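No experiment lies behind these values; they were computed from the predicted model shown. Residue numbers begin at 1 in each chain, while the letters A, B, ... track the order of the sequences.
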Amino acid sequence: MTERKEDQTRSRLEKLQRIKDLGINPYPTRYQRSHSTQEAVTIFREKGDNPDELPQIRVAGRITAMRIMGKASFMDIRDGSGRIQVYFKKDTLGEEKYGLLHDFDIGDFLGVEGTLFKTRTEEITIQVSGFTFLSKALQPLPEKWHGLTDVEKRYRQRYLDLISNEEVRQIFRMRSQVISSMRRFLDGQGFMEVETPVLQSIAAGALAKPFATHHHALDRDLYLRIATELHLKRLIVGGFEKVYEIGRVFRNEGISIKHNPEFTTLECYQAYADYKDVMDLTEQMISSIAKEVLGTTQVTSGETTIDFAPPWPRIPLRDIIRDKSGIDFEEFPGAASLEAKIRQTGIPVDAGLSWAKLVDHLLSQKVEPDLIQPTFLTDYPVELSPLAKRKPEDEQLTERFEAFCGGMEIANAFSELNDPLDQRDRFEEQEKMRAEFGDEEVERTDNDFLTALEHGMPPTGGLGIGIDRLVMLLTGQHSIREVILFPQLRSQE
RNA sequence: GGGCCGGUAGCUCAGGGGUAGAGCACCGGACUUUUAAUCCGGGUGUCGAGGGUUCGAAACCCUCCCGGCUCACCA
């Protein structure tokens with residue numbers, strides 16, 4: 001509310017005062033409902049033919065429309081289940097109570113009791129015999145025809161978006177269902193859900209810039225986690241054989257239609273499994289979620305239909321990059337030669353990137369946009385995968401896959417590197433690359449994690465899934481902001 | 001960070017040098033089965049902010065703020 005009271009607010013404040021003056025508490029503590037609006041409608045559908053069997057109804061909700069005609073009025077009441085029309089009649093309520101209607105506004109909360117009937121236009125309605133004021137709204141709601149479309153306002157005042165737009169409510173219901181379905185699936189497979197620290201003295205486990213903060217009592221800089229990976233593997237070392245965490249991670253990077261600085265990942269780790277087992281798990285989990293939430297494994301958005309039914313194609317990274325770009329990166333083992341080849345092929349590329357970054361560039365430029373159906377790309381070069389175990393038959397490749405869908409990466413997984421000596425070498429390699437290429441987005445050596453590995457970790461398959469992107473795919477949304485309730489915008493007051 | 005587009009009433013939007021506009025919302029009145037209720041009356045505003053040009057700026061110029069898309073960035 002602004003300091004200069006808006007006209008509409010002033011009028012609502014006057015009504016609030018009148019309600020108070022009548023000795024009515026405009027913000028009471030509770031209301032005993034007998035039914036949801038949806039249940040009330042259903043009851044009438046089932047028993048409407050025998051009015052004697054209809055119960056007294058008490059529902060509560062927000063007034064979303066008012067149609068006032070002198071001595072009789074209709075209002076729409078909405079609760080979490082739906083809406084119902086209620087009917088106020090001066091004859092029934094008496095002059096005094098009926099007069100109170102003048103102090104109601106759209107947006108107020110109201111509890112009503114009465115009996116169900118059908119109007120002559122066939123709408124199931126509650127004939128109100130009594131009502132209780134439950135909450136006064138001082139601000140007007142968005143307009144009823146066009147609703148709220150201003151994107152900035154939709155995100156900054158998401159509650160208005162949720163009030164105005166049923167599709168938006170549906171998306172976030174689905175997001176919640178996706179996550180609970182994921183939990184059900186993993187719990188059913190014998191995984192145990194755990195929580196690991198968000199505040200860390202070293203942000204490792206992924207290649208990303210962390211957010212920095214400071215702990216005053218310890219006088220120590222801390223970082224917000226960029227992944228849950230290394231702590232979950234410590235738990236595998238500790239003897240838990242199947243663990244997962246669904247949690248927020250933070251990356252201090254650009255904001256885009258596919259990136260939010262804080263986003264939600266699932267990571268799960270399974271002892272004695274390898275990346276092929278994890279591919280099976282991934283297909284099964286995502287298709288199972290789609291079936292539970294959507295009732296089908298297929299999602300149509302625009303002209304494309306994505307089908308999550310397993311099995312998903314499994315294609316070695318080298319093959320698909322060669323097919324899509326004409327470049328076989330194994331023929332260009334150095335950064336300089338690969339960069340020259342990429343340039344020669346006519347693909348724009350920044351100068352001075354590491355070999356691993358160049359391969360990644362080819363992947364994101366020439367391959368990723370075409371991967372619409374769920375697809376596993378496998379066998380990533382070791383330079384690109386500092387936490388993944390080498391393939392026994394080819395030491396330059398790792399037992400790793402990424403899953404792509406809708407032109408986005410949605411999952412990353414590998415046979416976890418459990419050789420502490422190799423892991424230390426890989427961290428050092430990354431540090432060297434950071435020094436050489438001025439690349440901040442590389443793994444930072446986590447000595448505490450290395451110590452854990454030195455105590456012995458069983459062979460382990462690990463998986464990370466971007467839940468926001470998965471929800472985007474399942475709900476057909478093209479912007480990550482449409483699946484995050486309060487996305488990061490440029491500035492907050 | 002670059003490019004393009006945008007910011008006008010509570011909401012959705014029109015207006016592009018000459019009195020600030022429409023619909024919904026809101027306020028007053030009428031109306032006992034309405035449902036985008038209807039009918040009569042009322043415009044409620046720092047035209048994103050600041051500076052400049054001009055007799056006159058919401059409009060034109062400059063700077064900034066905010067947002068969207070896009071490029072860069074982003075395992």
Nearest listed nucleotide, side chain of A/E253, among B/A75, B/U33, B/A25: B/A75
- request: Kindly point out which of B/A37, B/U33, B/A75 is positioned nearest to the side chain of A/E409?
  value: B/A75
Pairwise P distance, B/G18 and B/A30 [rounded to whole Å]: 43 Å
query: Is A/D150 touching bases, backbone alone, or none of the nucleic acid, heavy atoms closer than 4.0 Å?
result: sugar-phosphate
- line: Assign each of A/H146 and A/F74 the nucleotide of RNA chain B bearing its closest heavy atom; nearer the 5' end lies the nucleotide of A/H146
message: Without decimals, in angstroms, what is the distance between A/L160 CG and B/A25 P?
response: 17 Å
query: Just checking A/K90: base, sugar-phosphate only, or nothing, at a heavy-atom cut-off of under 4.0 Å?
result: nothing
- request: Would you mind telling me which of B/A25, B/C27, B/U33 lies closest to the side-chain atoms of A/T119?
  value: B/U33
message: Counting the atoms with a prime plus P, OP1 and OP2 as sugar-phosphate, which does A/L148 contact under 4.0 Å by heavy atoms, base, sugar-phosphate, or nothing?
response: sugar-phosphate
query: Looking at B/U34, does its base get a donor-acceptor pair with the side chain of A/Q85 below 3.5 Å?
result: yes
- request: Could you measure between the two P atoms, the one in B/U70 and the one in B/A22, and give it in whole Å?
  value: 37 Å
query: In Watson-Crick or G-U wobble terms, both distances under 3.5 Å, what is the partner of B/U63?
result: B/A49
query: What is the base-pairing partner of B/G41, counting Watson-Crick and G-U wobble geometry with both distances under 3.5 Å?
result: B/C27
message: Over all strands shown, is A/K118 touching base, sugar-phosphate only, or nothing at heavy-atom distances under 4.0 angstrom?
response: nothing
- request: Indicate whether OP1 or OP2 belonging to B/U12 is found under 4.0 Å from a side-chain N or O atom of A/K144.
  value: no
- prompt: What about A/R67: does its side chain form a donor-acceptor pair under 3.5 Å with the base of B/U34?
  reply: yes
message: Nearest to the A/I68 side chain among B/C31, B/U33, B/C27, which nucleotide is it?
response: B/C31
- prompt: Hey, does A/Y380 reach any base, or is it just sugar-phosphate, or nothing, if we go heavy atoms under 4.0 Å?
  reply: nothing
Euclidean distance for P, B/A72 against B/C64 (whole angstrom): 25 Å
Spacing of the P atoms in B/A49 and B/G10 (rounded, Å): 13 Å
- prompt: Quick one: A/R10 CZ to B/G45 C1', roughly how many Å, whole number?
  reply: 13 Å
message: Please give the distance between the P atoms of B/G6 and B/U44 as a whole number of Å.
response: 29 Å
task: Measure from CG on A/N260 to C1' on B/C73 and round the result to the nearest Å.
output: 15 Å
N/O donor-acceptor pair, side chain A/T149 with base B/U12, under 3.5 angstrom: no
N/O (side chain, A/S11) to phosphate O (OP1/OP2, B/C27) under 4.0 Å: yes
- prompt: Does the separation of the ring centres of A/F131 and A/F88 fall below 6.0 angstrom?
  reply: yes
- prompt: Is A/K71 near enough to B/U33 that one of its side-chain N or O atoms lies under 4.0 angstrom from OP1 or OP2?
  reply: no
- request: Choose from B/A75, B/C11, B/U34 the nucleotide whose nearest atom is closest to any side-chain atom of A/T125.
  value: B/U34
Criterion side-chain hydrogen bond (donor to acceptor under 3.5 Å, both in side chains) against A/D103, the qualifying member of A/K136, A/R12, A/R18: A/R18
- prompt: Could you give the CD1-to-P distance, from A/I480 to B/C74, as a whole number of Å?
  reply: 17 Å
task: Check for a donor-acceptor pair, side chain of A/R469 on one end and backbone N or O of A/K258 on the other, with a separation under 3.5 Å.
output: yes
- prompt: Just checking A/D360: base, sugar-phosphate only, or nothing, at a heavy-atom cut-off of under 4.0 Å?
  reply: sugar-phosphate
task: Describe the nucleic acid contact of A/K258 in one word from base, sugar-phosphate, nothing, applying a heavy-atom distance below 4.0 Å.
output: nothing
task: Could you please name the partner base of B/C69, counting Watson-Crick and G-U wobble pairs only when both distances are under 3.5 Å?
output: B/G3
- request: Would you kindly give the CZ-to-P distance between A/R156 and B/G48, to the nearest whole Å?
  value: 17 Å
message: Quick check on B/C74: is either OP1 or OP2 less than 4.0 Å from any side-chain nitrogen or oxygen of A/K209?
response: no
query: What about A/F133 and A/F109, are their ring centers closer than 6.0 Å?
result: no
message: I want to check a possible cation-pi pair here: A/R158 against A/F486, using under 6.0 Å from ring centre and within 45° of the ring axis as the test.
response: no
- request: Considering only atom C1', compute the distance from B/C73 to B/G50 and round it to an integer number of Å.
  value: 32 Å
message: Using a 6.0 Å cut-off, check whether atom CD of A/E166 has over 12 heavy atoms from anything other than its own residue.
response: yes
- request: Quote, to the nearest angstrom, the C1' distance that separates B/U8 from B/G15.
  value: 9 Å
task: Measure from the side-chain N and O atoms of A/T375 to the backbone N and O of A/Q373, and report whether any donor-acceptor pair falls under 3.5 Å.
output: yes
statement: RNA chain B nearest-nucleotide lookup for A/V151 and A/D91: closer to the 5′ end is A/D91
- prompt: Do the charged groups of A/R426 and A/E429 touch, with an N to O distance under 4.0 Å?
  reply: no
message: OP1 or OP2 of B/C69 versus the side-chain N and O atoms of A/R481: is any pair under 4.0 Å?
response: yes
- prompt: Of the nucleotides B/A25, B/U70, B/A75, which has the atom closest to the A/A208 side chain?
  reply: B/A75
message: Could you tell me how far B/C13 sits from B/U34 if I compare only their P atoms? Round to whole Å.
response: 32 Å
- prompt: Can you tell me if the side-chain N/O atoms of A/K153 get under 4.0 Å from OP1 or OP2 in B/C66?
  reply: no
Strand partner of B/A36, provided both Watson-Crick or wobble distances fall under 3.5 Å: none
field: A/E482 and A/Y155 side chains, donor-acceptor separation under 3.5 Å
entry: yes
